[in-house]
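Here is how names work: the chains are called A, B, and so on, in the same order as the sequence lines, proteins then strands, and each is numbered from 1.
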Number of protein chains: 2
Amino acid sequence: MIKLTYAEENYLKAIYELTEAGKKSTSTNDISAWMKIKPASVSDMLRKLGEKTVIDYRKYYGVHMTEEGKKLALRIIRKHRLWEVFLVEKLKFSWDEVAEVADELEHVQSPTLIQRLDEYLGFPKFDPHGDPIPDEFGDVRSRPRIALNEIELNGSGQIVAVKDSSAAFLRYLDKVGAYIGARIKVLEKVEFDGSIEILVDNKKTIFMSKDVAGNILVMQ
Amino acid sequence: MIKLTYAEENYLKAIYELTEAGKKSTSTNDISAWMKIKPASVSDMLRKLGEKTVIDYRKYYGVHMTEEGKKLALRIIRKHRLWEVFLVEKLKFSWDEVAEVADELEHVQSPTLIQRLDEYLGFPKFDPHGDPIPDEFGDVRSRPRIALNEIELNGSGQIVAVKDSSAAFLRYLDKVGAYIGARIKVLEKVEFDGSIEILVDNKKTIFMSKDVAGNILVMQ
DNA sequence: ATTATTTTTTAGTGTTGGCTAAAATCCTAT
DNA sequence: ATAGGATTTTAGCCAACACTAAAAAATAAT
Ligand SMILES: [Mn+2]
Ligand SMILES: [Mn+2]
Ligand SMILES: [Mn+2]
Ligand SMILES: [Mn+2]
């Protein structure tokens, strides 16, 4: 049975998130930038994670996750997202406050704890940012979703997730009135800069930049 | 503001618990035995904690807590006990399963988290083992309590806490039917070995050794 | 096909927190 | 008062994980 330290768990989760976000290989510099740890330190850790067979590491050529690594990463992500649900649903945290705390809670070692927590929360399928919660076997049921800026004019759908979970972005969404679950319709698409106007819940119109729209995920 | 590492927090909590349990000074060997860490390592850590002014450390003469140290220790203990309540009340852990998990959760750094948890739990005053939960200012309202083996013959009272929180002891109490809140009366005291017979809730009689009775705390 | 630039790794250092073995100090019994 | 034993500290070592500076490899530009 592979045992990971606190730091190793953080690396593995980061690598998983970077590789899932499109490309299947991730570079040392990507990980360094994402985790805000110097490339030299990353190199060293990649060697160690390679030895533990949770990643596939070829010097100078980035890393891939192994099957074992994916399973472990999904276990950490499961814990992270369940704790996020707990913080929002039970402790009344707002969705921009939970990431930091969940980044600590995700490392608590107790299979019973996480199983009971899941049960207590009613087996939620998505976290407060709309990200799917893997089940205890690491299976993820991900919904097909598309960035809001790619919806055609007059197209409609429902906001189901955000790409960027930074507090700044989430607070901005709160301010303009965009939220997970909102039904939206694209009223206008500005050619010039890609900004768009949307109708939320048939009530309110919101104008947003292409950058903001690109970080909102919609299910049609 | 004094910042403590995970390990330092564990030491400080251990020292607090040992000093509160009677004597005001605690030896290196006591801490070593309690924490299962070699005396040499303890010495080293005591020097560091002394430099951080959370303990009063005179080489070869044990340690005392400083006021600052007591405040920090109580903050950790508060977190530990609140998490224990959460695990038992909300996640249906039994009282012998919570210590290990709470020993990890107590280190999560988030004042907001612990304040919201307290609120969510309804501001509990005691943990599942009957130990008082310090308030956010570190104030502890401790009830006067006495070991069960020191109650006189025919004396009565209510079980309010246990001294020993080991899983083995707690499961034994479950088995014989002793629990926090139970009303008891001492029916017999055996001179020879100090063992006693008690009546629980005017229903059931339990026979127990002096050792067991000594680890049960009663309020009269 | 070289050279220049970027990326990545290696080498060496520091901090934290554990260990064993040896030295220092304290305490107790004579 | 001192010797013996127990306790505690110091010295030296190691693993984990971060860093900077320098070397090596890969990639881009000429
Ligand atoms: Mn984390
Ligand atoms: Mn999330
Ligand atoms: Mn702990
Ligand atoms: Mn307790």
Side-chain angles (χ1 to χ4, degrees), chain A residues 1-15 18-19 23-65 69 72-73 76 103-104 106-109, chain B residues 1-15 18-19 23-65 69 72-73 76 103-104 106-109:
Chain A
M1 190 47 191
I2 296 165
K3 269 269 181 186
L4 297 182
T5 66
Y6 193 104
E8 285 168 347
E9 286 192 343
N10 279 333
Y11 272 96
L12 196 62
K13 192 182 73 152
I15 295 165
L18 286 169
T19 52
K23 62 243 164 160
K24 34 196 146 352
S25 166
T26 298
S27 73
T28 299
N29 267 4
D30 286 347
I31 299 165
S32 168
W34 180 252
M35 297 187 73
K36 286 168 186 151
I37 290 172
K38 293 287 174 298
S41 309
V42 174
S43 274
D44 211 50
M45 182 57 93
L46 293 182
R47 189 185 43 73
K48 283 195 285 181
L49 291 175
E51 283 167 9
K52 289 201 175 183
T53 71
V54 294
I55 62 170
D56 208 337
Y57 175 48
R58 268 183 57 220
K59 271 193 220 172
Y60 294 102
Y61 290 94
V63 299
H64 301 253
M65 305 285 299
L72 288 170
I76 301 159
D103 273 341
E104 291 190 54
E106 70 193 0
H107 303 287
V108 175
Q109 300 291 5
Chain B
M1 190 46 192
I2 297 165
K3 268 269 179 186
L4 297 182
T5 66
Y6 192 105
E8 286 169 345
E9 286 192 343
N10 279 333
Y11 273 96
L12 197 63
K13 191 182 75 154
I15 294 166
L18 287 168
T19 52
K23 63 245 165 155
K24 34 195 147 350
S25 167
T26 298
S27 74
T28 299
N29 267 4
D30 286 348
I31 300 165
S32 168
W34 181 252
M35 297 187 73
K36 286 167 188 152
I37 289 173
K38 293 287 174 300
S41 308
V42 174
S43 275
D44 213 48
M45 182 58 92
L46 293 183
R47 188 184 43 73
K48 283 195 280 182
L49 290 176
E51 283 166 8
K52 289 201 176 185
T53 71
V54 293
I55 61 171
D56 208 335
Y57 175 48
R58 267 184 58 219
K59 270 192 220 174
Y60 293 102
Y61 290 95
V63 299
H64 301 253
M65 306 285 298
L72 287 170
I76 301 158
D103 273 341
E104 290 190 53
E106 72 193 359
H107 303 287
V108 175
Q109 300 290 4

Would you mind reading off the distance between [X] atom [atom1] and [N] atom [atom2], rounded to a whole angstrom?
| X | N | atom1 | atom2 | answer |
| --- | --- | --- | --- | --- |
| B/I31 | C/dG18 | CD1 | P | 12 Å |
| B/R58 | C/dT25 | CZ | P | 14 Å |
| A/M45 | D/dA15 | CE | C1' | 12 Å |
| B/D44 | D/dT9 | CG | C1' | 9 Å |
| B/R47 | C/dG18 | CZ | P | 13 Å |
| B/H107 | C/dT16 | NE2 | P | 17 Å |
| A/E51 | C/dT9 | CD | C1' | 14 Å |
| A/K38 | D/dC19 | NZ | P | 5 Å |

Roughly how far apart are B/Y11 OH and B/I55 CD1, rounded to 0.5 Å?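 With rounding to 0.5 Å, OH (B/Y11) is 10.5 Å from CD1 (B/I55).
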Could you give the distance from CH2 (B/W34) to OG (B/S27), rounded to the nearest 0.5 Å?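 So the gap between those two atoms works out to 13.5 Å.
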With a 4.0 Å cutoff (strictly under), does any side-chain N or O of [X] reach OP1 or OP2 of [N]?
| X | N | result |
| --- | --- | --- |
| A/N29 | C/dT6 | no |
| A/K59 | C/dT10 | yes |
| A/K36 | D/dA18 | no |
| A/T28 | C/dT9 | yes |

Nearest-neighbour nucleotide for the [X] side chain, [options] considered:
| X | options | value |
| --- | --- | --- |
| A/S41 | C/dG18, D/dC19, D/dA16 | D/dC19 |
| B/E8 | C/dG17, C/dT9, D/dT9 | C/dG17 |
| A/Y61 | D/dA26, D/dT8, D/dA18 | D/dA26 |
| B/I37 | D/dT9, D/dC17, C/dG18 | C/dG18 |

Is the backbone N or O of A/I15 less than 3.5 Å from a side-chain atom of A/T19, with the two atoms forming a donor-acceptor pair by type? yes
Polar side-chain atom of A/K52 near backbone of A/K3 as donor-acceptor pair, under 3.5 Å: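 Yes; judged by distance alone, with no hydrogens or angles, the pair exists.
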Could you pick out which residue, A/T5 or A/A40, lies toward the 5' side of DNA chain D when each is mapped onto its nearest nucleotide?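 Its nucleotide being nearer the 5' end, the pick is A/T5.
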NA contact type, B/Y6, heavy-atom cut-off 4.0 Å: base, sugar-phosphate, or nothing? nothing
Would you classify A/S43 as touching base, sugar-phosphate or nothing, given that sugar-phosphate means primed atoms plus P, OP1 and OP2, and contacts are heavy atoms under 4.0 Å? base
From B/E8, B/H107, B/E106, residue fulfilling side chain to side chain donor-acceptor pair (under 3.5 Å) relative to B/K13: B/E106
